[in-house]
Trainee: 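Got a structure for you, written out below as structure tokens; questions coming shortly.
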Number of protein chains: 2
Amino acid sequence: MAVRLQDVAERAGVSVRTVSNVVNDFPHVRPAVRERVQQAIADLGYRPNMTARFLRGGRTGMIALAVPDLSVPYFAELAGYMMRAAQGHDLTLLIEETDGDREREVLFLTGSRSSTIDGLILSPLTAEAEDLTGPSRSVPVVLLGERTYDEPLDHIAIDNVRAAREATAHLLHLGRRRVAAVGARPEHDSRMADLRLDGYHQALAGAGVARDDSLVVATPWFTRQDGYDAVVHLVRSDARPDALFCFNDLLALGAIRALADHGLRCPEDVAVVGIDGIEDGAFSVPTLTTVAPDMAGIASRAVDLLVARIGGRDVGVPVDDVADFALVVRGSTGGPGRSGS
Amino acid sequence: MAVRLQDVAERAGVSVRTVSNVVNDFPHVRPAVRERVQQAIADLGYRPNMTARFLRGGRTGMIALAVPDLSVPYFAELAGYMMRAAQGHDLTLLIEETDGDREREVLFLTGSRSSTIDGLILSPLTAEAEDLTGPSRSVPVVLLGERTYDEPLDHIAIDNVRAAREATAHLLHLGRRRVAAVGARPEHDSRMADLRLDGYHQALAGAGVARDDSLVVATPWFTRQDGYDAVVHLVRSDARPDALFCFNDLLALGAIRALADHGLRCPEDVAVVGIDGIEDGAFSVPTLTTVAPDMAGIASRAVDLLVARIGGRDVGVPVDDVADFALVVRGSTGGPGRSGS
DNA sequence: CTGAAAGCGCTTACAG
DNA sequence: CTGAAAGCGCTTACAG
């Protein structure tokens, strides 16, 4: 059924070696021969069998990106950037949704699919160090986000403490004094939440504002619904915040929705800041002030690093890379894009 | 480096055939032998080489989903459903972002990656019939969405005319008489837009409301920004709509943002309906009334169908499957989740 | 119930 | 510059 190299060779009257040379653009093939081979390829509609090539070469040309949930806009947008970065290296990107499930986070590392890819970019929630190192690991890994390990592993993230500090400081500069922190102690990523809480506390301290633990709201996850529930909690508990620093944009979007339901104006009564820089926030009502990580930079850095590791190039000891971010001021803190209603 | 079947065989003192039998759970292996083999597998940390298995078996165990843009929430959410559907068949789902680029839409069908997958689920914007049929096509394809072809091809979509009719009728039932249609004649999918425009016109006719072409707004794409711009256009043109039927949720979300910027209350001054049922609409201000296709059903149907084709099972002639949808009434047309401000 | 051997389609030393 | 041949790691008729 399938047209093989051999078929092309026979038709062109040369050896498979020569056909292979033509297919792979090797030099030292006489122009006349090259042309005859190319004609045969066209006639037969030959396309190389990647599987065979991979088996022979030991590489698959595929890398995987494993994120918790694609319907989280941050991960969906990041996946797009990763895809483009991978294309730049002629790699196919496989995307895996893990739901934070430990087994699925390391599926490509230790599971039956491990021979399918050359490397993995993982945004882990529950993977343990032993899953990522040890003999069962078969391919290089680059880690994304805040879950950190004692073992030396390549890792890329923004400086969460600083990001949180700047987000909170922005609210304090506006004159807000009762700034709530929304997103503490989530079930899925307490490390990241702890760092952002640190930054929040540092900003308060820097502005000479006393802590008030009734303004710190824990959420189970980082969803819109969790942000909504957090505001309901704040309203009921009579904590009276005049601003919300939400640990991500989805929490912030859910919080804005809840403020509207409770007759609280945003930003007049309660200003809101998030983190992630997802596109939704540019069109919400009001538009959302956010700390936007440099997703393109994170993606290209992650892929570059992984490619270097795959190639066995000496990249030095495992890298702990700090990605850029920018504070984007919009309607939810009085910038452009106010609700207008 | 890698542990092979052969290594396991040597350690267990059996032939590779026997090891293969154990690995693949074949019967007729004596319990004692089976145990010895399993011990050897554990000792050596053997994992089967998928690439070799694929080369031998002619299948890769992977299918691809090709969508225009993952940062479009509808596609991101759909991808999640597809992933779960694929898992149910023990298939790995490869996701490809095409940007509507013809070459990338058929990359897995005709390009160098074609031998990587067993089948493709494609949401096409620009692919031509000749790309999808003809001798260059190497694997089965299931098409999603409204781009249709004369050739017989498997295809799944909602009934767009009916969906648009019901969305528009909902606005008319509310007593609105100046219902605008937002999303006509986009560059990327005029077929789908035409169907939705048809449904819009049918609903108007059914309610005895005269058409007014100044209320039909063309948009280049289906983005939030396009929805925003459409409202700006309507405001400037003095068309004075009292409702908007937006051809998708992103347009609707952008439109709501623009209404706010122009001091128009939603739903009081202008009610809004979208199509897609993306999660964003459940938390926007106001929440968004939408026509929600049964994404889970579409995903499982698409994967089931593709699996049947891959298996060569007789599924009959190419299927033209009509997926379910539901009208979800929310704040933007006076349902629960009003802005509250 | 198990062993020896062919072959999936490629790439690449090894000769010439 | 090109040909004949081995081998990547697996599965599976074919014997026994």
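Proteins get letters first, then strands, A, B, ... in listed order; numbering begins at 1 in each. Here the structure is a predicted model, which means the values were calculated and not measured.
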Trainee: Grab the CZ-C1' distance between B/Phe26 and C/dT2 for me, whole Å please.
Mentor: 14 Å
Trainee: How many whole angstroms separate atom CG of B/Leu55 from atom P of D/dG7?
Mentor: 17 Å
Trainee: Please state whether the phosphate of D/dT2, meaning OP1 or OP2, lies under 4.0 angstrom from any side-chain nitrogen or oxygen of A/Arg30.
Mentor: yes
Trainee: What's the CZ-C1' distance between A/Phe54 and D/dC8, to the nearest Å?
Mentor: 14 Å
Trainee: Take atom OH of B/Tyr46 and atom P of D/dG9, then tell me their distance rounded to the nearest Å.
Mentor: 10 Å
Trainee: Given atom CG of A/Leu5 and atom P of C/dT12, what is their separation to the nearest angstrom?
Mentor: 12 Å
Trainee: What is the distance, to the nearest angstrom, from the CE atom on A/Met50 to the C1' atom on C/dC8?
Mentor: 16 Å
Trainee: Taking A/Thr92 for its side chain and A/Met62 for its backbone only, find out whether a donor-acceptor pair lies under 3.5 Å.
Mentor: no
Trainee: Report the base-pairing partner of D/dT2 (Watson-Crick or G-U wobble, both distances below 3.5 angstrom), or none.
Mentor: C/dA15
Trainee: Give a yes or no on whether the backbone of B/Arg4 and the side-chain of B/Asp7 come within a donor-acceptor separation of less than 3.5 Å.
Mentor: yes
Trainee: Want to settle it: does B/Ser15 or A/Asn49 sit nearer the 5' end of DNA chain C, counting the closest nucleotide to each?
Mentor: B/Ser15
Trainee: Could you give the distance separating C/dG16 and C/dT12 at their C1' atoms, to the nearest angstrom?
Mentor: 16 Å
Trainee: Which part of the nucleic acid, if any, lies within contact of B/Arg17, taking any heavy atom under 4.0 Å across all strands shown: a base, the sugar-phosphate backbone alone, or nothing?
Mentor: base
Trainee: Quick one: is A/Asn24 getting a side-chain N or O under 4.0 Å of the C/dT11 phosphate, OP1 or OP2?
Mentor: yes
Trainee: Can you tell me, in whole Å, how much space there is between the P of C/dG9 and that of C/dA13?
Mentor: 23 Å
Trainee: When we call it a touch if two heavy atoms are under 4.0 Å apart, what does B/Arg53 touch: a base, just sugar-phosphate, or nothing?
Mentor: sugar-phosphate
Trainee: Is there a donor-acceptor pair closer than 3.5 Å between any side-chain N or O of B/Tyr149 and the backbone N or O of B/Ala127?
Mentor: yes
Trainee: Whole angstrom is fine here: how far is it from CZ in B/Arg56 over to P in D/dG7?
Mentor: 19 Å
Trainee: Check the surroundings of atom CD in A/Glu103: do more than 12 heavy atoms from other residues, nucleotides or ligands lie under 6.0 Å from it?
Mentor: no
Trainee: What nucleotide among C/dC10, C/dT12, D/dT12 has an atom nearest to a side-chain atom of B/Ser20?
Mentor: D/dT12
Trainee: For D/dG3 and A/Thr18 - does any side-chain N or O of the residue sit under 4.0 Å from the phosphate oxygens OP1/OP2?
Mentor: yes
Trainee: Rounding to an integer number of Å, can you tell me how far B/Arg4 CZ sits from D/dG7 P?
Mentor: 11 Å
Trainee: Could you verify whether a donor N or O on one side chain and an acceptor N or O on the other, from B/Gln39 and B/Glu35, lie under 3.5 Å apart?
Mentor: no
